[in-house]
Amino acid sequence: MQRLQYEFFVRDVLEVAPDLLGKYLVRRFPDGYINKYKITEVEAYRGQQDLACHASKGRTARTEIMYHNGGQIYVYLIYGMYWMLNFVTSKENIPQAVLIRGIETYDGPGKLTKALKIDKSFYGEDLMASNRLWVEYGKESSQVNILTTPRIGIDYSGEIYKNKLWRFILDE
DNA sequence: GTAAGGATTGGC
DNA sequence: CCAATCCTTACT
């Protein structure tokens with residue numbers, strides 16, 4: 001199937017995040033083996049105002065990639081042991097990203113990066129140019145049922161943002 | 001330089 | 001319930 005292009009990612013994260021559900025994350029491993037995984041759970045992180053978004057701290061070495069045009073990969077380490085996989089969205093200078101929290105077979109942001117062998121070396125990689133990680137359309141209709149809930153693990157982000165229904169789950 | 005804490009997970 | 005484990009950020 002066809003790889004998602006820049007136009008898909010260069011939109012507001014609240015449009016891109018739910019739209020990623022049902023699409024396929026494609027990984028080409030170092031030995032050349034290719035596997036595809038249906039995306040089942042994501043979260044949206046939206047700009048400097050969103051206190052749960054890393055970019056609320058401003059433009060730093062870590063958040064730099066989020067200020068780029070959509071379609072780049074943002075990876076960071078959490079709790080000293082788990083890599084989190086994100087896709088940058090929106091236009092240049094608008095820091096947004098979608099956290100991939102679950103894919104078919106591997107439920108959990110830390111589990112899926114471990115299974116797919118994703119680490120810091122993917123930071124800043126382009127989803128349209130990469131030969132080892134990208135996203136494709138599925139063959140079935142894009143009609144999917146979606147559940148929304150508050151985001152996980154961001155209780156520190158204040159009343160307004162911790163209650164936003166910016167976690168999107170594929171309802172099977 | 002130093003300290004605090006995190007978009008998580010698994011084990012007790 | 002709590003430790004693991006290390007990078008990023010802020011600065012008593």
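Small disclaimer: the values here were computed from a predicted structure and weren't measured. The chains referred to below are lettered A, B, ... by the order of the sequence lines, with proteins before strands, and numbering in each begins at 1.
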Rounded distance in Å - CE (A:Met84) to C1' (C:dC6) = 14 Å

ask   = Using a cut-off of less than 4.0 Å, is there contact between a side-chain N or O of A:Tyr156 and OP1 or OP2 of B:dA7?
value = yes

inquiry  = Does a side-chain N or O of A:Lys111 approach OP1 or OP2 of B:dG10 to a distance below 4.0 Å, or not?
reply    = yes

task = Nearest whole angstrom, please: distance from the P of B:dA7 to the CD of A:Gln96.
result = 18 Å

inquiry  = Less than 4.0 angstrom from a charged side-chain N to a carboxylate O is my criterion; do A:Arg46 and A:Asp12 meet it?
reply    = yes

inquiry  = From the set C:dT5, C:dT9, B:dA7, return the single nucleotide nearest to any side-chain atom of A:Met81.
reply    = C:dT5

ask   = Touch check for A:Ser157, heavy atoms < 4.0 angstrom, all strands: base, sugar-phosphate only, or nothing?
value = nothing

request  = For B:dT2 versus C:dT5, give the span between their P atoms, rounded off to a whole number of Å.
outcome  = 23 Å

request  = Name the pairing partner of C:dC7, where a pair is Watson-Crick or G-U wobble with both distances under 3.5 Å, or state none.
outcome  = B:dG5

query = Hey, is A:Tyr79 stacking on B:dG6? Ring centres under 5.5 Å, planes under 30°.
reply = no

ask   = B:dT9 C1' sits how many Å from A:Ile152 CD1, rounded?
value = 14 Å

query = Has A:Lys120 got a side-chain N or O lying under 4.0 Å from the OP1 or OP2 atom of C:dT8?
reply = yes

message = What contact category does A:Leu77 fall into here, base, sugar-phosphate, or nothing, at under 4.0 angstrom with non-hydrogen atoms?
response = sugar-phosphate

message = Salt bridge check, A:Lys164 against A:Asp50: does any charged N sit closer than 4.0 Å to a carboxylate O?
response = no

task = Examine B:dA7: is either OP1 or OP2 under 4.0 Å from a nitrogen or oxygen in the side chain of A:Arg167? Give yes or no.
result = no

message = Is it the case that the side chain of A:Arg27 and the backbone of A:Lys117 share a donor-acceptor pair, with hydrogens and angles ignored and the cut-off at 3.5 Å?
response = yes

Gap between atoms CD1 and P, on A:Ile78 and B:dG5 respectively (whole Å) = 14 Å

query = OP1, OP2 of B:dA7 versus side-chain N and O of A:His54: anything below 4.0 Å?
reply = yes

task = Kindly work out whether a path of hydrophobic side-chain contacts (I/L/V/M/F/W/Y, heavy atoms less than 4.5 Å apart) joins A:Val75 to A:Leu133.
result = yes

task = Rounded to the nearest angstrom, tell me the gap between atom NZ in A:Lys57 and atom P in B:dG6.
result = 9 Å

task = Round to the nearest Å and state the distance from A:Trp83 atom CH2 to B:dT9 atom C1'.
result = 16 Å

message = Measure CD/A:Glu41 against P/B:dT9 and give the value in whole Å, please.
response = 9 Å

ask   = When you check the phosphate oxygens OP1 and OP2 of C:dC7, does a side-chain N or O of A:Arg62 lie under 4.0 Å from one of them?
value = no

query = Using 4.0 Å as the upper bound for N to carboxylate O, is an ion pair formed by A:Arg3 and A:Glu136?
reply = no

ask   = Rounded to the Å, how far apart are A:Arg151 CZ and B:dT8 P?
value = 12 Å

